[in-house]
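For clarity, every value in this text was computed on a predicted model and none was experimentally measured. Values below: every heavy atom of this structure, side chains too, minus hydrogens, waters and symmetry copies.
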Amino acid sequence: MLVLGIESSCDETAAALVEDGRRLVANAVASQVPIHARYGGVVPELASRAHIVDIVPVVQRCLDEAGLGLAEIDAIAVTAGPGLVGSLLVGTEFAKSLASVLEIPLVGVNHIEGHLMAPFLDYDGPERISGTPDFPFLGLVVSGGHSHLFHARGVGDYELVGATRDDAAGEAYDKVAKMIGLPYPGGLYIDRAAKSGNPTAIRFPRALPQKDSYEFSFSGLKTSVLNHVRKNGTPPHDSAEFADLCASFQEAVVDVLVTKTFRKARELGVQHVVISGGVSANSRLRERALQVASSNGVSVHIPPIALCTDNAAMIASLGWHYLADKPRRFDAWALNARSSMKMGPPAS
Ligand code: KG4
Ligand code: ZN
C-alpha cells in the first residue's frame, strides 16, 4: 500500500511516499527557514502563506522523485494537529481535496506521534542510530514545540510519563540563539558553535533534579543565560568564549534530557529508548545518549537527521498503521491544533 504523507504543522511543507508503512520511496521538504530567519522564530501568518505557495510543488517534487503519478497513490495521511492552525489548515484542506478527487481514503494523524514512530522507517540515512526499536520503549520527543516522554507499548498505545512545565527544549535553543545573535533555527547554530567549546566552562542550572521528577523545565536556564550575557556581554561569534557559552548552555539541556530519559527507562525496565523530533538532530545529545545507553545496557534509536526535523515520511508511515487497520474516509476526523490532541487511532 503506497501512502502519500502531507505535513504542514509549522514551518516545513513536506510530502513523502511510503510503502507499507516502512519503505521510504520519496521524501520532499520545502523549508521556510529563509522566510522566518530574520524574525528569530516562526511567524504564523507568513508560515501559512508559504504553505499555500509550496504545497502543490512539493507534492509534485515527491511524485517526480519516485517516478510515480497520482493514480498510484493508495491513500493519504496528513498531520491533523497539534500545530499552527493556519498552517495545519493548508495541509488538511489540500489532503481532503486530493483524497476526494482520487476517491482514496484519508487519515489525519498526530504530529508528535509521527515523531515518536519515525525510527520505524527503513531509511538508512548516514546518521541513523541503531535501526528499528522494539516495543515497549521509552520515547523522548524533543522539538520546537514539545519535550515529551512516553512509555510506548505498541502503535497507538502510549502513556505520557513526562513533559515540560514551560519551554520546549527546541524553543529554549531558539530563544537563547536569538539572545546571542545566532539565526533561526537556533538549535542547529548553537550545535555548530558548541563543537569547539568547553561544556564545563560555565555551570548553568539543571532544573528539577529530584530523582522522582520526570518533568522538564527550560525557562530558568534561559533566564540564566540572559543574566550571564547581561553581566558579561555576548562574546564575538568567532571567539573561544562564545563556543564555551554555547557548549555550556547545550550541556545543561542535554544533561537533563539524557539523565531523566535513561533514569525513567531503568525505572520502567524497558530495553529500548527512542529519541526523536528536531532536537534529536543535536550532535551532543546523540553522543551522550549513545554513551549512557551503552553503560546502561539498553539500545537507543534515533532517526537520520532528515527524519528528526519535520517531515511527511513519519506521517505517511504512522497513517498506514491506522489505514491498514480500518480504512477511513476523510469525514471521520477533525482538525485539532491543540497539543492535547489525542494520539492513537482516529475516532470514527
Ligand atoms: O521537529 P521540528 O522540526 O519542529 C517542531 O515540531 O517543532 O523541531 C524544530 C526544532 C527547532 O527548535 C530547532 O532549533 C531544533 O529543532 N533543532 C535542533 C537542531 N536542529 C534543529 N536543536 C538542537 N540541535 C540541532 N542540531
Ligand atoms: Zn515536529
Side-chain angles (χ1 to χ4, degrees), residues 4-17 27-63 70 76-102 106-115 118 141 143-146 167-168 170-171 173-175 177-178 183-188 277-279 306-316 318-319 330-331 333-343 346:
L4 172 69
I6 306 277
E7 156 63 39
S8 72
S9 66
C10 191
D11 62 338
E12 259 104 21
T13 319
L17 286 163
N27 190 31
V29 181
S31 168
Q32 300 177 5
V33 163
I35 296 171
H36 303 289
R38 64 190 171 119
Y39 302 101
V42 178
V43 182
E45 180 59 27
L46 296 181
S48 20
R49 289 179 195 203
H51 286 305
I52 293 170
V53 172
D54 287 334
I55 189 101
V56 172
V58 162
V59 171
Q60 190 58 56
R61 185 142 57 86
C62 179
L63 289 166
L70 288 172
I76 300 177
V78 62
T79 301
L84 302 169
V85 186
S87 292
L88 285 167
L89 272 170
V90 178
T92 53
E93 291 310 304
F94 174 83
K96 281 183 191 177
S97 313
L98 192 58
S100 172
V101 168
L102 298 176
L106 169 68
V107 65
V109 299
N110 182 300
H111 179 84
I112 308 173
E113 188 179 0
H115 276 304
V141 180
S143 68
H146 317 280
D167 291 350
E171 193 179 352
Y173 264 105
D174 295 338
K175 288 178 177 168
K178 195 174 177 180
Y184 176 82
L188 179 65
V279 179
L307 301 182
C308 288
T309 46
D310 286 348
N311 65 88
M314 65 187 194
I315 301 304
L318 175 62
F330 63 86
D331 50 1
W333 57 274
L335 172 72
N336 187 341
R338 277 180 289 187
S339 61
S340 57
M341 181 192 165
K342 186 181 163 293
M343 293 169 81

Do the side chain of [X] and the main chain of [Y] share a donor and acceptor less than 3.5 angstrom apart?
| X | Y | answer |
| --- | --- | --- |
| E12 | S31 | no |
| S8 | S87 | yes |
| D54 | I52 | no |

Worksheet item: Step by step, would you call S48 with L89 a side chain to side chain contact (heavy atoms under 4.5 Å, CB included)?
Response: CA-CA 8 Å; S48 20; L89 272 170; over 6 Å; no
Worksheet item: Between D174 and E171, is a side chain to side chain contact (heavy atoms under 4.5 Å, CB included) present by the stated rule, with each step listed?
Response: CA-CA 5 Å; D174 295 338; E171 193 179 352; 5.6 Å; no
Show me the donor-acceptor pairs, under 3.5 Å and distance only, between side chains in residues 37-46 and residues at least two apart or in other chains.
from: E45; atom 1: OE2; to: R49; atom 2: NE; distance (Å): 2.9
from: E45; atom 1: OE2; to: R49; atom 2: NH2; distance (Å): 3.3

Worksheet entry | Pair H146-H115, side chain to side chain contact (heavy atoms under 4.5 Å, CB included): steps then yes or no | CA-CA 10 Å; H146 317 280; H115 276 304; 5.7 Å; no
Worksheet entry | Inter- and intrachain pairs under salt bridge (charged side-chain N to carboxylate O under 4.0 Å, His left out), touching residues 85-95, at least two apart |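 Output for this query lists E93-K96.
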Write down the atom of [X], the atom of [Y], and the distance for their closest heavy-atom approach.
| X | Y | answer |
| --- | --- | --- |
| N27 | A312 | OD1-N, 4.4 Å |
| C62 | A16 | SG-CA, 3.6 Å |
| A313 | L307 | CB-CD2, 3.9 Å |
| A14 | V29 | CB-CG2, 4.1 Å |
| M314 | G114 | CB-O, 3.4 Å |
| I55 | G91 | CD1-CA, 4.3 Å |

Discussion item. With rounding to the nearest 0.5 angstrom, report the CG to CG distance, D310 to D11.
Written reply: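 That separation rounds to 7.0 Å.
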Item to complete: Would you check, one step at a time, whether the test side chain to side chain contact (heavy atoms under 4.5 Å, CB included) holds for V59 with F94?
Response: CA-CA 10 Å; V59 171; F94 174 83; 3.7 Å; yes
Worksheet item: Only one of T79, L98, I76 clears side chain to side chain contact (heavy atoms under 4.5 Å, CB included) with I6; which?
Response: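 Going through T79, L98, I76 one by one, the side chain to side chain contact (heavy atoms under 4.5 Å, CB included) with I6 is satisfied by I76 alone.
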Discussion item. Could you check whether atom NZ of K178 has more than 12 heavy atoms from other residues, nucleotides or ligands sitting under 6.0 Å from it?
Written reply: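 No, the 6.0 Å shell around NZ holds no more than 12 heavy atoms from other groups.
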Item to complete: With sequence neighbours excluded, tell me which residues meet salt bridge (Lys or Arg N to Asp or Glu O under 4.0 Å) with E113.
Response: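 Once residues adjacent in sequence are excluded, E113 has no partner under the salt bridge (Lys or Arg N to Asp or Glu O under 4.0 Å) criterion.
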Practice prompt. Look at the aromatic rings of H36 and Y184 and report parallel, tilted or perpendicular, splitting at 30° and 60°.
Written response: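 Because their plane-to-plane angle is over 60°, the rings of H36 and Y184 count as perpendicular.
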Practice prompt. With the side chain counted from C-beta on, respond yes when D167 and K175 share a heavy-atom pair under 4.5 Å apart, and no when they do not.
Written response: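 Yes. Closest side-chain heavy atoms under 4.5 Å.
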Worksheet item: Do we see a donor-acceptor contact under 3.5 Å between the side chains of T13 and H51?
Response: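 There is such a pair between these side chains.
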